[in-house]
Amino acid sequence: MADILLKPKREKSVKRKHPWVFSGAIQKVYGNPSLGDTVKIISSEGEELGYAAFSPNSSIRARMWNFDTAQNIDSEFVFEKMRVAIKIRNSLNYLNSQNTASRLINAESDGLPGLIVDMYADVLVVQILSAGSEHWKEEISRNLTKITGKNNVYERSDVEVRKLEGLEPREGIITGEISENPVEVLENGYKFQVDIVYGQKTGFYLDQRENRKAIQKYVHDASLLNCFSYSGGFTVYALSGGAKHVTSIDSSAGAIDNAKINININQLDSQKNTWIVGDVFEELRLFRDKGISFDMVILDPPKFAPTAAQVRSASRGYKDINLLAFKLLNPGGTLVTFSCSGGVNRLLFQKIVADAAIDAGVDAQILEVLSQGSDHPIRLNFPEGAYLKGLICRI
């Protein structure tokens, strides 16, 4: 096994159990570890700090498996980590007669760096995003079937972040028989068709489950604008909560088609919907110029800043879109706004929204602070895991 020696005074984050070791913290690599190999992390004073997965191509040069060199990283270790993560979801009763979809494994926050597993009814969808998880991919597949009893496993490791790890994108069936047809799931009793093959992420934004429900107390008899609507999750909840009308915008015609199906299978009034395939920024400006306003605007955009390097440009984008949204609200209206950018922390996001309100000439109150669901836990010493930040504001 190879060793990684840290530079003087660069062991602090590891001692605080942060799971990332950056290339700039490394003094020397002893041995010749390959992509995904387990390495021992050693402080400049010779203290053994734990084991990590090595990634020679990434700025995150090593991702910690554990912080105890007395515990080996082997098949048994990987199995136990997966078993505990899935057991936690079961203990939360997150899967029940009204809910058949959940995140089962949430990467670093479950002690399994770069491994995402989502369950949609009888299908498991896997994303392997790091060199360490790639190293154990065969064990991961076997373990999933053994722990959950489900044989249908599909891989969606078709994301750009794999290239940063020196890995090629990959997708397809791992085990079982899986068609290209959407999988129907229940979320809080509502039906959704999930496209696990061609849909965004693993097919559905499971992290918004509690937040979709949270808006219902504000939507009765309201006119809504749902931006970046994807498959219509917020639209379904809004109409079910008594909204008067919902206008949904997404750049993908396929996503809008899927959203229409989700409206129909929940037996909601299709006459209360307007669907727009277009650029959200452009459509918001058109609404502003035409003097069209709404009682609620929902902003759930994609990542504007995947890393800290894009924070400045992302901040401008978030401010612009929230400024436009505030200007479209009727007096007493509600803005529901999100950021899923890891490079934008919660404090910065609130400042951006506050600046947008000032420039829009409105006074706004925060009614609720939102985050990802409890099946997407946040490791206490890994603030980067708190990627989803949301606010419900009233003017």
Side-chain angles (χ1 to χ4, degrees), residues 18 20 103 106-109 161 200-201 205-215 217-218 224-230 233-234 237 249-251 279-281 283-285 294 296-329 333-395:
H18 191 283
W20 292 349
R103 174 148 297 181
N106 195 39
E108 275 83 346
S109 290
V161 70
Q200 297 174 21
K201 297 181 74 173
Y205 288 88
L206 292 170
D207 50 7
Q208 291 280 26
R209 172 171 151 180
E210 277 87 352
N211 301 331
R212 284 187 278 264
K213 190 170 182 62
I215 71 162
K217 65 175 74 74
Y218 307 104
L224 271 77
L225 177 61
N226 182 15
C227 302
F228 309 99
S229 57
Y230 187 44
F234 281 107
Y237 278 77
I249 310 173
D250 200 275
S251 61
D279 178 88
V280 168
F281 284 88
E283 297 297 333
L284 292 182
R285 292 187 184 100
F294 302 88
M296 176 182 283
V297 177
I298 300 171
L299 300 176
D300 186 19
K303 288 181 184 179
F304 288 171
T307 66
Q310 291 89 37
V311 167
R312 179 173 293 182
S313 62
S315 297
R316 288 195 297 269
Y318 282 122
K319 183 178 178 182
D320 288 347
I321 200 169
N322 281 278
L323 171 59
L324 287 165
F326 275 126
K327 287 187 173 183
L328 294 181
L329 285 175
T334 305
L335 172 65
V336 182
T337 182
F338 296 96
S339 165
C340 63
S341 295
V344 176
N345 63 36
R346 185 171 292 279
L347 188 62
L348 175 58
F349 182 60
Q350 182 172 328
K351 181 182 182 301
I352 292 168
V353 177
D355 289 345
I358 290 171
D359 287 359
V362 300
D363 291 323
Q365 298 173 313
I366 297 174
L367 302 182
E368 294 191 45
V369 176
L370 307 175
S371 185
Q372 61 234 49
S374 56
D375 60 336
H376 293 63
I378 302 161
R379 190 171 181 167
L380 197 56
N381 295 313
F382 183 57
E384 294 85 350
Y387 66 91
L388 183 61
K389 301 151 286 281
L391 299 170
I392 298 180
C393 302
R394 175 168 289 166
I395 63 172

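- For the pair Tyr237/Asn226, no side-chain contact is recorded, criterion being any heavy-atom separation below 4.5 Å from C-beta on.
- The two atoms that bring Ile378 and Gly385 nearest to each other are CG1-O, 3.8 Å, heavy atoms only.
- Side chain to side chain, Trp20 and Glu108 meet the donor-acceptor criterion of an N or O pair below 3.5 Å.
- A donor-acceptor pair shorter than 3.5 Å can be found between the side chains of Tyr318 and Ser339.
- Here the side chain of Gln372 pairs a donor or acceptor atom with the backbone of His376 at under 3.5 angstrom.
- Contacts of Lys327 classified as salt bridge (Lys or Arg N to Asp or Glu O under 4.0 Å), with partners at least two apart in sequence or in another chain: none.
- Within the 3.5 Å criterion, the main-chain N or O of Ser109 finds no donor-acceptor partner in the side chain of Asn106.
- When all heavy atoms of Ala356 and Phe326 are compared, the closest pair comes out as C-CD1, 3.9 Å.
- Using a 4.0 Å cut-off between charged nitrogen and carboxylate oxygen, Lys319 and Asp359 count as a salt-bridge pair.
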**Study point:** Derivation and outcome, salt bridge (charged side-chain N to carboxylate O under 4.0 Å, His left out), residues Arg394 and Glu368
**Key:** CA-CA 10 Å; Arg394 175 168 289 166; Glu368 294 191 45; over 6 Å; no
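- Using a cut-off of 4.0 Å between Lys/Arg side-chain N and Asp/Glu carboxylate O, Arg285 and Asp320 are scored as not salt-bridged.
- Between the side chain of Lys389 and the backbone N or O of Val344 there is at least one donor-acceptor pair closer than 3.5 Å.
- In this model, no donor atom of one side chain and acceptor atom of the other lie less than 3.5 Å apart for Asp300 and Tyr230.
- With a 4.5 Å cut-off on side-chain heavy atoms, Cys393 and Leu367 do not count as touching.
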Exercise for review: Assess whether side-chain contact (heavy atoms from CB on, under 4.5 Å) is satisfied between Leu370 and Leu391, documenting all intermediate values.
Suggested key: CA-CA 6 Å; Leu370 307 175; Leu391 299 170; over 6 Å; no
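- Between Gly373 and Glu210, the shortest heavy-atom contact is CA-OE1, 3.2 Å.
- Between Phe304 and Gly317, the shortest heavy-atom contact is CE1-C, 3.9 Å.
- The two residues Cys227 and Val280 have their closest heavy-atom pair at CB-CG1, 3.8 Å.
- Looking only at side-chain heavy atoms (C-beta outward), Val336 and Tyr218 stay at 4.5 Å or farther from each other.
- Looking only at distances, a side-chain donor or acceptor of Ser229 sits under 3.5 Å from a matching main-chain atom of Ile249.
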